[in-house]
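Source: prediction; values computed, not measured.
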Amino acid sequence: MNNVNKTLYIPLYGKALVSRKGIILSDKTAEKIWDSVNFPLKGKSKSKWLSFFMGMRACVFDKWVKEKITNLNDCVVLHLGCGLDSRHHRLEANACLWYDVDFPSVIEERKKYYEETEAYKMLASDVTDSSWLDKIPSAKNAVVVMEGIAMYLDVNALNKLFSALSNRFDNVCVLVDCYTVFGAKMTKIKNPVNDVGVKDVYGLDAPQLLETQKLKFKQEHELTPDYLINELQGFEKKLFKSLYAGKLSKKLYKLYEYET
(Lines give C-alpha, C1' and ligand atoms only; values in the text may rest on other atoms or scores of the structure.)
Protein backbone atom coordinates (compact mmCIF):
# COMPACT_ATOMS: atom_id res chain seq x y z
CA MET A 1 0.00 0.00 0.00
CA ASN A 2 1.09 3.58 -0.59
CA ASN A 3 1.03 6.15 2.21
CA VAL A 4 -2.47 7.44 1.39
CA ASN A 5 -3.84 3.90 1.50
CA LYS A 6 -2.22 3.35 4.89
CA THR A 7 -4.40 6.10 6.36
CA LEU A 8 -7.21 3.52 6.47
CA TYR A 9 -5.66 2.11 9.63
CA ILE A 10 -6.39 5.34 11.53
CA PRO A 11 -10.22 5.08 11.40
CA LEU A 12 -10.00 1.30 11.76
CA TYR A 13 -8.15 1.71 15.03
CA GLY A 14 -10.54 4.44 16.19
CA LYS A 15 -13.64 2.38 15.53
CA ALA A 16 -12.10 -0.65 17.18
CA LEU A 17 -11.18 1.38 20.27
CA VAL A 18 -14.60 2.94 20.85
CA SER A 19 -16.33 -0.36 20.12
CA ARG A 20 -14.17 -2.11 22.70
CA LYS A 21 -14.98 0.64 25.20
CA GLY A 22 -18.69 0.11 24.54
CA ILE A 23 -19.31 3.73 23.52
CA ILE A 24 -20.37 5.61 20.38
CA LEU A 25 -20.13 2.74 17.87
CA SER A 26 -20.50 -1.02 17.98
CA ASP A 27 -18.08 -2.55 15.49
CA LYS A 28 -16.90 -6.05 16.40
CA THR A 29 -15.52 -6.48 12.89
CA ALA A 30 -13.19 -3.50 13.35
CA GLU A 31 -12.05 -4.96 16.68
CA LYS A 32 -11.28 -8.30 15.06
CA ILE A 33 -9.45 -6.83 12.07
CA TRP A 34 -7.39 -4.43 14.17
CA ASP A 35 -6.27 -7.27 16.41
CA SER A 36 -5.03 -9.18 13.36
CA VAL A 37 -3.31 -6.42 11.33
CA ASN A 38 -0.89 -5.21 14.02
CA PHE A 39 -0.19 -1.99 12.09
CA PRO A 40 2.28 0.29 13.93
CA LEU A 41 0.26 3.47 14.40
CA LYS A 42 1.95 6.14 16.47
CA GLY A 43 1.58 9.67 17.73
CA LYS A 44 -1.66 11.58 17.25
CA SER A 45 -3.00 8.95 14.85
CA LYS A 46 -3.44 6.65 17.84
CA SER A 47 -4.90 9.19 20.29
CA LYS A 48 -8.14 8.35 22.03
CA TRP A 49 -9.49 11.81 21.19
CA LEU A 50 -9.13 11.15 17.48
CA SER A 51 -10.64 7.70 18.01
CA PHE A 52 -13.71 9.27 19.61
CA PHE A 53 -14.00 11.57 16.59
CA MET A 54 -13.61 8.70 14.12
CA GLY A 55 -16.32 6.75 15.90
CA MET A 56 -18.69 9.72 15.86
CA ARG A 57 -18.01 10.46 12.21
CA ALA A 58 -18.77 6.84 11.33
CA CYS A 59 -22.02 7.00 13.32
CA VAL A 60 -23.16 10.14 11.49
CA PHE A 61 -22.46 8.50 8.13
CA ASP A 62 -24.20 5.29 9.23
CA LYS A 63 -27.33 7.16 10.27
CA TRP A 64 -27.45 9.06 6.98
CA VAL A 65 -26.98 5.93 4.86
CA LYS A 66 -29.60 4.03 6.82
CA GLU A 67 -32.14 6.81 6.29
CA LYS A 68 -31.41 6.94 2.56
CA ILE A 69 -31.64 3.22 1.86
CA THR A 70 -34.81 2.99 3.95
CA ASN A 71 -36.54 5.72 1.96
CA LEU A 72 -35.27 5.04 -1.57
CA ASN A 73 -36.41 2.31 -3.92
CA ASP A 74 -34.17 0.78 -6.59
CA CYS A 75 -31.08 1.93 -4.73
CA VAL A 76 -27.38 1.11 -5.02
CA VAL A 77 -24.87 2.15 -2.36
CA LEU A 78 -21.37 3.17 -3.45
CA HIS A 79 -18.88 3.39 -0.60
CA LEU A 80 -15.88 5.15 -2.14
CA GLY A 81 -12.53 4.83 -0.43
CA CYS A 82 -13.99 2.14 1.82
CA GLY A 83 -10.71 1.03 3.38
CA LEU A 84 -11.41 -1.78 5.83
CA ASP A 85 -14.66 -0.26 7.08
CA SER A 86 -17.53 -2.62 7.95
CA ARG A 87 -20.42 -0.24 7.26
CA HIS A 88 -22.32 -2.78 5.16
CA HIS A 89 -22.12 -5.23 8.07
CA ARG A 90 -22.95 -2.64 10.73
CA LEU A 91 -26.12 -1.60 8.89
CA GLU A 92 -27.04 -5.13 7.81
CA ALA A 93 -27.78 -3.56 4.44
CA ASN A 94 -28.73 -6.68 2.53
CA ALA A 95 -31.88 -5.29 0.91
CA CYS A 96 -29.92 -3.14 -1.58
CA LEU A 97 -26.93 -3.67 -3.83
CA TRP A 98 -23.77 -2.36 -2.15
CA TYR A 99 -20.33 -1.71 -3.67
CA ASP A 100 -17.21 -1.00 -1.64
CA VAL A 101 -14.64 0.69 -3.90
CA ASP A 102 -10.96 1.33 -3.24
CA PHE A 103 -7.48 0.93 -4.71
CA PRO A 104 -6.48 -2.63 -5.75
CA SER A 105 -4.00 -2.99 -2.87
CA VAL A 106 -6.72 -2.02 -0.37
CA ILE A 107 -9.29 -4.41 -1.85
CA GLU A 108 -6.69 -7.18 -1.82
CA GLU A 109 -6.26 -6.58 1.91
CA ARG A 110 -10.01 -6.21 2.40
CA LYS A 111 -10.73 -9.60 0.85
CA LYS A 112 -8.85 -11.24 3.72
CA TYR A 113 -11.71 -10.22 6.01
CA TYR A 114 -14.83 -9.85 3.84
CA GLU A 115 -16.64 -12.08 1.37
CA GLU A 116 -18.79 -10.98 -1.52
CA THR A 117 -22.44 -11.99 -1.79
CA GLU A 118 -25.16 -11.36 -4.34
CA ALA A 119 -25.91 -8.06 -2.61
CA TYR A 120 -22.40 -7.05 -1.58
CA LYS A 121 -19.46 -6.51 -3.96
CA MET A 122 -15.94 -5.08 -3.82
CA LEU A 123 -14.40 -3.15 -6.72
CA ALA A 124 -10.66 -2.57 -7.08
CA SER A 125 -10.16 0.83 -8.70
CA ASP A 126 -8.96 4.37 -8.28
CA VAL A 127 -12.31 6.11 -7.74
CA THR A 128 -11.21 9.02 -9.93
CA ASP A 129 -11.04 6.65 -12.92
CA SER A 130 -14.76 6.66 -13.63
CA SER A 131 -14.59 3.53 -15.80
CA TRP A 132 -15.39 1.53 -12.65
CA LEU A 133 -18.93 2.91 -12.87
CA ASP A 134 -19.46 0.76 -15.97
CA LYS A 135 -19.43 -2.27 -13.67
CA ILE A 136 -22.38 -1.00 -11.63
CA PRO A 137 -25.79 -2.35 -12.73
CA SER A 138 -28.51 0.10 -13.65
CA ALA A 139 -30.28 1.68 -10.70
CA LYS A 140 -32.49 4.71 -10.38
CA ASN A 141 -30.92 5.94 -7.15
CA ALA A 142 -27.31 6.00 -5.95
CA VAL A 143 -26.32 6.65 -2.34
CA VAL A 144 -22.66 7.67 -2.34
CA VAL A 145 -20.54 7.50 0.82
CA MET A 146 -17.30 9.48 0.77
CA GLU A 147 -15.88 9.26 4.28
CA GLY A 148 -12.25 10.24 4.74
CA ILE A 149 -11.40 10.45 1.04
CA ALA A 150 -12.10 13.96 -0.30
CA MET A 151 -9.07 15.50 1.43
CA TYR A 152 -6.79 13.45 -0.82
CA LEU A 153 -8.45 14.73 -4.02
CA ASP A 154 -8.18 18.22 -5.44
CA VAL A 155 -11.24 20.16 -6.61
CA ASN A 156 -10.75 19.15 -10.25
CA ALA A 157 -10.69 15.46 -9.39
CA LEU A 158 -13.79 15.84 -7.20
CA ASN A 159 -15.57 17.76 -9.96
CA LYS A 160 -14.91 14.97 -12.45
CA LEU A 161 -16.08 12.33 -9.99
CA PHE A 162 -19.28 14.21 -9.14
CA SER A 163 -20.00 14.73 -12.84
CA ALA A 164 -19.49 11.04 -13.59
CA LEU A 165 -21.83 10.06 -10.76
CA SER A 166 -24.56 12.53 -11.76
CA ASN A 167 -24.36 11.40 -15.40
CA ARG A 168 -24.56 7.72 -14.49
CA PHE A 169 -27.69 7.74 -12.29
CA ASP A 170 -31.08 9.45 -12.37
CA ASN A 171 -30.80 10.46 -8.73
CA VAL A 172 -27.66 10.75 -6.61
CA CYS A 173 -27.18 11.49 -2.90
CA VAL A 174 -23.65 12.15 -1.63
CA LEU A 175 -22.30 12.67 1.88
CA VAL A 176 -18.68 13.84 1.97
CA ASP A 177 -16.39 15.14 4.70
CA CYS A 178 -13.55 17.49 3.83
CA TYR A 179 -11.04 19.95 5.18
CA THR A 180 -11.55 23.65 4.72
CA VAL A 181 -8.69 25.46 2.96
CA PHE A 182 -7.58 26.70 6.38
CA GLY A 183 -7.81 23.16 7.75
CA ALA A 184 -5.66 21.79 4.94
CA LYS A 185 -3.04 24.47 5.61
CA MET A 186 -3.05 23.64 9.31
CA THR A 187 -2.21 20.00 8.50
CA LYS A 188 1.26 21.22 7.54
CA ILE A 189 1.83 21.83 11.25
CA LYS A 190 0.50 18.50 12.53
CA ASN A 191 -1.98 15.99 11.21
CA PRO A 192 -2.58 12.35 12.17
CA VAL A 193 -2.07 11.29 8.53
CA ASN A 194 1.48 12.66 8.75
CA ASP A 195 2.22 9.70 11.01
CA VAL A 196 1.75 7.31 8.07
CA GLY A 197 3.69 9.48 5.64
CA VAL A 198 0.98 11.61 3.98
CA LYS A 199 2.03 15.22 3.48
CA ASP A 200 -0.40 16.68 0.93
CA VAL A 201 -4.12 17.18 1.53
CA TYR A 202 -6.69 19.52 -0.01
CA GLY A 203 -9.35 21.79 1.39
CA LEU A 204 -12.67 23.19 0.22
CA ASP A 205 -14.37 26.34 1.50
CA ALA A 206 -17.37 26.65 -0.82
CA PRO A 207 -19.37 23.42 -1.18
CA GLN A 208 -20.99 24.86 -4.30
CA LEU A 209 -17.67 24.36 -6.12
CA LEU A 210 -18.50 20.66 -6.45
CA GLU A 211 -21.97 21.14 -7.89
CA THR A 212 -22.80 19.79 -11.34
CA GLN A 213 -25.71 20.63 -13.60
CA LYS A 214 -27.76 18.03 -11.71
CA LEU A 215 -26.01 17.45 -8.39
CA LYS A 216 -26.44 20.35 -5.97
CA PHE A 217 -25.28 21.18 -2.46
CA LYS A 218 -28.12 20.44 -0.05
CA GLN A 219 -26.91 21.08 3.50
CA GLU A 220 -24.08 20.90 6.00
CA HIS A 221 -24.19 18.24 8.71
CA GLU A 222 -22.77 18.16 12.22
CA LEU A 223 -19.81 15.77 12.56
CA THR A 224 -19.93 15.62 16.37
CA PRO A 225 -23.59 15.91 17.41
CA ASP A 226 -24.39 16.32 21.09
CA TYR A 227 -26.09 12.94 21.41
CA LEU A 228 -22.77 11.28 20.53
CA ILE A 229 -20.61 13.61 22.63
CA ASN A 230 -22.85 12.67 25.55
CA GLU A 231 -21.52 9.10 25.23
CA LEU A 232 -18.38 10.49 26.90
CA GLN A 233 -18.13 11.35 30.56
CA GLY A 234 -16.52 13.96 32.78
CA PHE A 235 -13.08 15.23 31.79
CA GLU A 236 -13.07 13.28 28.52
CA LYS A 237 -16.32 14.88 27.45
CA LYS A 238 -15.15 18.40 28.29
CA LEU A 239 -11.78 18.04 26.57
CA PHE A 240 -13.26 16.39 23.49
CA LYS A 241 -15.74 19.23 23.07
CA SER A 242 -12.83 21.65 23.20
CA LEU A 243 -10.66 19.70 20.75
CA TYR A 244 -13.17 18.42 18.19
CA ALA A 245 -16.46 20.23 18.67
CA GLY A 246 -15.39 23.79 19.41
CA LYS A 247 -15.26 26.86 17.17
CA LEU A 248 -11.75 26.11 15.90
CA SER A 249 -12.58 22.55 14.87
CA LYS A 250 -15.59 23.79 12.90
CA LYS A 251 -13.24 26.05 10.93
CA LEU A 252 -11.08 23.06 10.01
CA TYR A 253 -13.46 20.32 8.95
CA LYS A 254 -16.86 20.10 7.26
CA LEU A 255 -19.50 17.53 6.31
CA TYR A 256 -21.51 18.28 3.18
CA GLU A 257 -24.54 16.62 1.60
CA TYR A 258 -25.34 16.83 -2.12
CA GLU A 259 -28.43 15.68 -3.97
CA THR A 260 -29.86 15.73 -7.48
Side-chain angles (χ1 to χ4, degrees), residues 4 7 10-11 14 50 53-69 71-72 75-83 85 87 91 101-102 127-128 130 133 141-187 191-193 200-229 244-260:
V4 170
T7 62
I10 300 173
L50 181 62
F53 175 77
M54 290 294 177
M56 291 184 194
R57 184 180 73 174
C59 273
V60 171
F61 270 88
D62 282 1
K63 181 180 178 181
W64 181 83
V65 175
K66 187 174 183 179
E67 290 175 352
K68 294 299 180 184
I69 62 179
N71 295 327
L72 293 174
C75 169
V76 61
V77 178
L78 308 176
H79 186 176
L80 309 186
C82 59
D85 185 75
R87 177 161 287 115
L91 298 182
V101 187
D102 214 317
V127 299
T128 63
S130 59
L133 280 166
N141 302 299
V143 176
V144 183
V145 182
M146 295 181 63
E147 180 184 8
I149 179 177
M151 58 283 301
Y152 306 116
L153 306 175
D154 62 25
V155 172
N156 288 334
L158 288 169
N159 281 146
K160 290 178 181 178
L161 176 57
F162 275 44
S163 293
L165 290 166
S166 59
N167 290 334
R168 178 66 176 79
F169 302 97
D170 292 341
N171 301 303
V172 182
C173 306
V174 182
L175 190 63
V176 54
D177 59 316
C178 59
Y179 285 119
T180 62
V181 173
F182 173 66
K185 289 179 179 179
M186 289 295 290
T187 65
N191 186 345
V193 300
D200 297 321
V201 296
Y202 302 92
L204 178 73
D205 281 342
Q208 291 79 9
L209 288 175
L210 300 186
E211 291 183 338
T212 70
Q213 188 173 0
K214 291 172 54 181
L215 190 58
K216 304 299 183 182
F217 172 66
K218 182 179 180 181
Q219 62 182 318
E220 182 176 345
H221 288 260
E222 176 62 65
L223 277 157
T224 53
D226 287 342
Y227 75 92
L228 291 175
I229 295 176
Y244 288 98
K247 291 182 179 179
L248 177 60
S249 65
K250 295 181 186 300
K251 293 181 180 179
L252 301 175
Y253 210 64
K254 299 290 185 177
L255 181 60
Y256 297 135
E257 180 180 1
Y258 295 83
E259 193 173 86
T260 52

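- Within 6.0 Å of the CD atom in Gln213, the count of heavy atoms belonging to other residues, nucleotides or ligands does not exceed 12.
- The structure places CE of Met146 at 6.0 Å from CG of Leu153, a figure rounded to the nearest 0.5 Å.
- In this structure, NZ in Lys218 is found 13.5 Å from CD in Glu211, a value given to the nearest 0.5 Å.
- Listed by first then second residue, pairs satisfying side chain to side chain donor-acceptor pair (under 3.5 Å) with a partner in residues 56-68 read Arg57-Glu147, Arg57-Asp177, Arg57-Tyr253, Asp62-Arg87, Asp62-Arg90, Trp64-Glu257, Lys68-Glu257, Lys68-Glu259, not counting sequence neighbours.
- To the nearest 0.5 Å, atom CG of residue Leu91 and atom CD1 of residue Ile69 are 5.5 Å apart.
- Nearest heavy atom pair, residue Val172 against residue Leu215, reads O-CD1, 3.6 Å.
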Sequence neighbours left out, cut at 3.5 Å: what donor-acceptor pairs do the side chains of residues 155-164 make with other protein atoms?
{"residue": "Asn159", "atom": "ND2", "partner": "Leu209", "partner atom": "O", "Å": "2.8"}
{"residue": "Ser163", "atom": "OG", "partner": "Asn159", "partner atom": "O", "Å": "3.0"}

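- The shortest non-hydrogen separation linking Thr212 to Ser166 is OG1-OG, 3.3 Å.
- Under the 4.5 Å side-chain criterion, counting only non-hydrogen atoms from C-beta, Lys254 is not in contact with Leu204.
- Looking at heavy atoms from C-beta onward, Pro11 lies out of side-chain contact with Asp85 at the 4.5 angstrom threshold.
- Take Lys214 and apply the salt bridge (Lys or Arg N to Asp or Glu O under 4.0 Å) test, not counting sequence neighbours, and it matches no residue.
- Closest heavy-atom contact between Cys173 and Leu72: SG-CD1, 4.3 Å.
- The main-chain N or O of Gly246 is never found under 3.5 Å from a side-chain atom of Lys250 such that the two would form a donor-acceptor pair.
- Between the side chain of Asp102 and the main chain of Cys82, a donor-acceptor pair closer than 3.5 Å is present.
- Between Ala184 and Tyr202, the shortest heavy-atom distance links the atoms CB-C, 3.7 Å.
- One distance of note links OH of Tyr258 with CG of Leu165; it measures 12.5 Å at 0.5 Å rounding.
- Using a 4.5 Å heavy-atom threshold, the side chains of Thr180 and Lys251 count as separate.
- Between Val201 and Tyr152 the shortest heavy-atom distance is CG1-CE2, 3.9 Å.
- The distance from the CZ atom of Phe182 to the CG atom of Leu252 is 5.5 Å, given to the nearest 0.5 Å.
- Contact annotation: the side chain of Phe53 approaches that of Thr224 to within less than 4.5 Å [non-hydrogen atoms, C-beta and beyond].
- Of all heavy-atom pairs spanning Cys59 and Leu228, the tightest one is CB-CD1, 3.7 Å.
- Looking only at side-chain heavy atoms (C-beta outward), Thr260 and Phe169 stay at 4.5 Å or farther from each other.
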>> Determine whether Leu175 and Leu255 satisfy the following criterion, side chain to side chain contact (heavy atoms under 4.5 Å, CB included), listing intermediate values before the conclusion.
In response: CA-CA 7 Å; Leu175 190 63; Leu255 181 60; 3.8 Å; yes
